[in-house]
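Here the structure comes first, spelled out in structure tokens, and everything after it is commentary.
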Amino acid sequence: MPADDPVTVLSEDESWDLLSSVALGRFVVVADGRAEIFPVNFITQRRTLLFRTASGTKLYHAVMSDRIAFEADGHSDVDGWSVIIQGRAHLLTARDEILDAEDAQLLSWPATVKPHFVRVIAMEISGRRFKFGPAPVR
């Protein structure tokens, strides 16, 4: 791509680095033919995503869906970026998995009890960076 191209495809490493720089993303599942989108605070841990949740719709779909998507983004005054993961979600149940997740020190933002850890395993990751500016003259 030319250096002045307003859209840049990010490498896998760049995508993980950007994901590690933010704490809020969107967990996406398809249920009954309809997309369900859940905002979650998260942390990256060894090229996986980790979030906490209470029992309910989000946990049910995380466990029951064979494929999920996750998206996070960010921006400055001059550019923005978006990273999308296609993958699987895994409810952590083994003691060593839970202890490992607790080491990440992921705290829930709202003052609610969220006892379940979910790990998102990426099967695909893609990212884009966007330079802001006026549209080119046609």
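Not measured: the values here are computed from a predicted model. Residue numbers start at 1 and run along the sequence shown.
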Going by salt bridge (charged side-chain N to carboxylate O under 4.0 Å, His left out), name the residues that satisfy it together with Glu102, two or more places apart in sequence or in a different chain. none
With the side chain counted from C-beta on, respond yes when Ile85 and Leu19 share a heavy-atom pair under 4.5 Å apart, and no when they do not. yes
Do the non-hydrogen side-chain atoms of Trp16 and Leu49 ever get within less than 4.5 Å of each other? yes
Any chain of hydrophobic side-chain contacts (each under 4.5 Å) joining Phe38 to Met64? yes
Any side-chain donor near an acceptor of the partner, Asp79 and Ser76, under 3.5 Å: yes
Would you tell me whether Glu14 and Ser11 have side-chain atoms, one donor and one acceptor, within less than 3.5 Å of each other? yes
Residues passing the side chain to side chain contact (heavy atoms under 4.5 Å, CB included) test with Ala111, sequence neighbours excluded, are none
Under a 3.5 Å distance rule, please check whether Arg88 uses its side chain to pair with a backbone N or O of Asp66 as donor and acceptor. yes
Determine yes or no for a side-chain-to-main-chain donor-acceptor pair under 3.5 angstrom, with Thr48 supplying the side chain and Gln45 the backbone. yes
Return yes when atom CZ of Phe132 has more than 12 non-hydrogen atoms of other residues, nucleotides or ligands closer than 6.0 Å, and no otherwise. yes
Stepwise, does the side chain to side chain donor-acceptor pair (under 3.5 Å) test hold for Thr57 with Glu36? CA-CA 10 Å; Thr57 304; Glu36 298 286 344; over 6 Å; no
So, are Arg26 and Asp73 salt-bridged, with charged N and O less than 4.0 Å apart? yes
Criterion ring-ring contact (aromatic ring centres under 6.0 Å, His included) against Phe51, the qualifying member of Phe70, Phe27, Phe42, Phe117: Phe27
Option from Glu71, His75, Arg128 for which side chain to side chain donor-acceptor pair (under 3.5 Å) with Ser82 holds: Glu71
